[in-house]
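For reference, the structure is listed below as structure tokens.
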Amino acid sequence: MTKWLLTWTATFLVLAAAEQPEAPKPVAAPMRPLPWGQLNFMQTTDTHGWLAGHLQEAQYSADWGDYISFAERMREKADGLGVDVLLIDTGDRIEGNGLYDSTTPKGKYLYDIIKEQDIDVLCTGNHELYQLDAADREYEQSVPNFKGNYLASNLDYIKPKTGEQVPMAPRFRKFTTKNQGIRVLAFGFLFDFTGNANNTVVQPVENTIKEKWFQDAIREDVDLFVVIGHVMLDGPEYKAIFKAIRSQKWDTPIQFFGGHSHIRNYVKYDSKSYGVQAGRYMETIGWMSIDGIKGKGKKDYPKELASMSFKRRYIDNNLFGYYYHTGLNETTFTTGHGKNVSKQIHEARKAEDLDELYGCAPKDLWLNRAPYPSNDSLVTWLETEVIPVITVNEDRKDVPRLALTNTGAMRFDVFKGPFTRDTTYILSPFVSKFLYIKDVPYKSAKQVLKIINSGGDFFTFSDHEATRLAPPEQMYIKSAIIAPSVPNHDYIPGAQSPLLSSAPDLIPGYTTKDAAGDDGDDTLHAPITFYPVPNVIQSAIAMPAEGDPETVDLVFIDFIKPWVLVALRFTGQIYSEADVEVYIEETLTDKMVGWIRENWKQDC
Ligand SMILES: *[C@@H]1O[C@H](CO)[C@@H](O)[C@H](O)[C@H]1NC(C)=O
Ligand SMILES: *[C@@H]1O[C@H](CO)[C@@H](O)[C@H](O)[C@H]1NC(C)=O
Ligand SMILES: *[C@@H]1O[C@H](CO)[C@@H](O)[C@H](O)[C@H]1NC(C)=O
Ligand SMILES: *[C@@H]1O[C@H](CO)[C@@H](O)[C@H](O)[C@H]1NC(C)=O
């Protein structure tokens, strides 16, 4: 079924486990080897604080320390082969995990842990820019931590004291690779993001590429352009950059690295330009290898490999795979540096008490792996069990109300078993508050849900601003009323083609189909179906037993306020910001934790 050599290691290794002691042991699985080339890349993106790895999913259980060991071993291997390995990170390193969100200040340990990895080119994501303090930390900590390697091609920072607007980091970087002597010019972009706090300025990519420094840079004589960005591979931003570079250099290879939409993806721009995107949450390490670049290599490169080729692979982040790809084992793999960083992560988690037990989930609840509505749907659970109980304002508790919650407020699945302090931040990292408009005519209020879910046509908000309406994994499903329960195979790389139906005991996971086919994943998995969820869900609370109420309180999560006001206007009701009041002081996350402590009390 596949031309790749599949290696099934039947012996389940008895491992010392991932370096986080509470992580599950990695499990043996059939593997595809990594294609090596003259120049090789490893990419992380959208890690969102998951530096401890996944403590409830064996296939993603390696931590940032293990990734450091992996990178060091792969660089040793590259030195032996006379080739190069470069590391890339395309942003959204923060928000989404207790390791970042639970500390005061946020990211108290995170920046010091991330900086231990030797990353060659990195950039900013939108999440680094929502809050003033996060953008400050990016400028004051991350940029110096990766001095020269951190790039900001279209992003400026405004210094708080002087109001001076300066580049967040250098616009580009030119360097020559160690073994092959390949001359690289790298850029680091952010998509045309508009939701940033007022201490940064994101310049639209269309404008940036007209600037003199960019026009000069793309005229430089180099062997390869590397364009990294917190940018979706098939978005307009990369199309514009590709066109601009090609207008000057018709033949120079260009390697793009994308991010933001949380998927594994691979895109071809032309025969010498490709883009790869490495998923999310430390689940995936992207692998890219290129052959046939005109370098001034110190070492001769085998002639038969000299023709131009690009190959990609998506590495599941676990020790079994790391041993497999390095040819090392439990005793020989881990480096002293990697081990130290794993310890650093463990100590940070301990100091923040991230394993503190809040309750015990009675079963798995899936954000996108179960149909909505259904009993296994996290969204159904939220809509029918949690929101109706927690959405109470004592002064108006008998007033009928409709509560609207954006599904994008939820970020991950809940697994049967311990629900900890850490799980809370994983599930809902945002500071989401409940607002309301009182006494809205019911005939208008009841239409709001449908209008928001019907999407783009009613709104002038860009797709990007809608990022947090629904989970980012489905952000490219455009403005359609999403039919509940219809699996959306076509859109999501990661949901198709039953692989190896005869193979025994494949663990469910990514089965990616991309521009190069269906053999990109390093680990063979049983496929998982992706079910989209609506942008917004509605819980009707304290409604009269019979008939419709005249008016209701329209309660909603603060993030969706702009959509609610537009939708109401569309029904003929003009409300303004002044009509919006706070419904509950506590956040959605705090209220949800209260519900879990109350309802999932049983011991695990
Ligand atoms: C930026 O926003 C903050 C609050 O978010 C506000 O206090 C400050 O005045 C704003 N600064 C400018 C220059 O608009
Ligand atoms: C690991 O590899 C080394 C070197 O090949 C070997 O000596 C050792 O026995 C291996 N250890 C395990 C636990 O397999
Ligand atoms: C690991 O940490 C120890 C103790 O802090 C330090 O002495 C050692 O040099 C570190 N090793 C590496 C390889 O970073
Ligand atoms: C869903 O859960 C409800 C309440 O626990 C139960 O009555 C119903 O049978 C379940 N439905 C399915 C399809 O399992």
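Just so we're clear, the structure is a prediction, and the values are computed from it rather than from any experiment. Along the sequence shown, the residues carry numbers beginning at 1. Atoms within each ligand, like the ligands themselves, are counted from 1 in listed order.
- Aromatic ring centres of Y322 and H325: separated by at least 6.0 Å.
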- Query: Taking it one step at a time, do T208 and Q203 satisfy side chain to side chain donor-acceptor pair (under 3.5 Å)?
  - Reply: CA-CA 7 Å; T208 300; Q203 186 179 47; 2.7 Å; yes

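- Annotation: Y281 is in aromatic contact with H262 [ring centroid separation under 6.0 Å].
- Atom numbering of ligand 3 starts at 1 in the shown order; those under 4.0 Å from a heavy atom of G336 are 13 (C).
- For atom 11 (N) of ligand 1, a protein non-hydrogen atom is found at a distance below 4.0 Å.
- For atom 2 (O) of ligand 1, the protein comes within 4.0 Å by at least one heavy atom.
- Between Y583 and Y436, the ring planes lie perpendicular to each other; the angle is over 60°, past the 30° to 60° tilted range.
- Ring centroids of F430 and F559 are separated by 6.0 Å or more, keeping the two rings apart.
- From the protein, the heavy atom lying nearest to atom 14 (O) of ligand 3 is N340 ND2, 3.4 Å.
- Nearest protein heavy-atom contact of atom 4 (C) of ligand 1 is L132 CD1, 4.1 Å.
- Considering only non-hydrogen protein atoms, atom 6 (C) of ligand 1 sits nearest to N198 ND2, 4.2 Å.
- Aromatic pair F191/H260: ring centres closer than 6.0 Å.
- Nearest protein heavy-atom neighbour of atom 8 (C) of ligand 2: N329 ND2, 3.7 Å.
- T331 OG1, 4.2 Å is the protein heavy atom nearest to atom 13 (C) of ligand 2.
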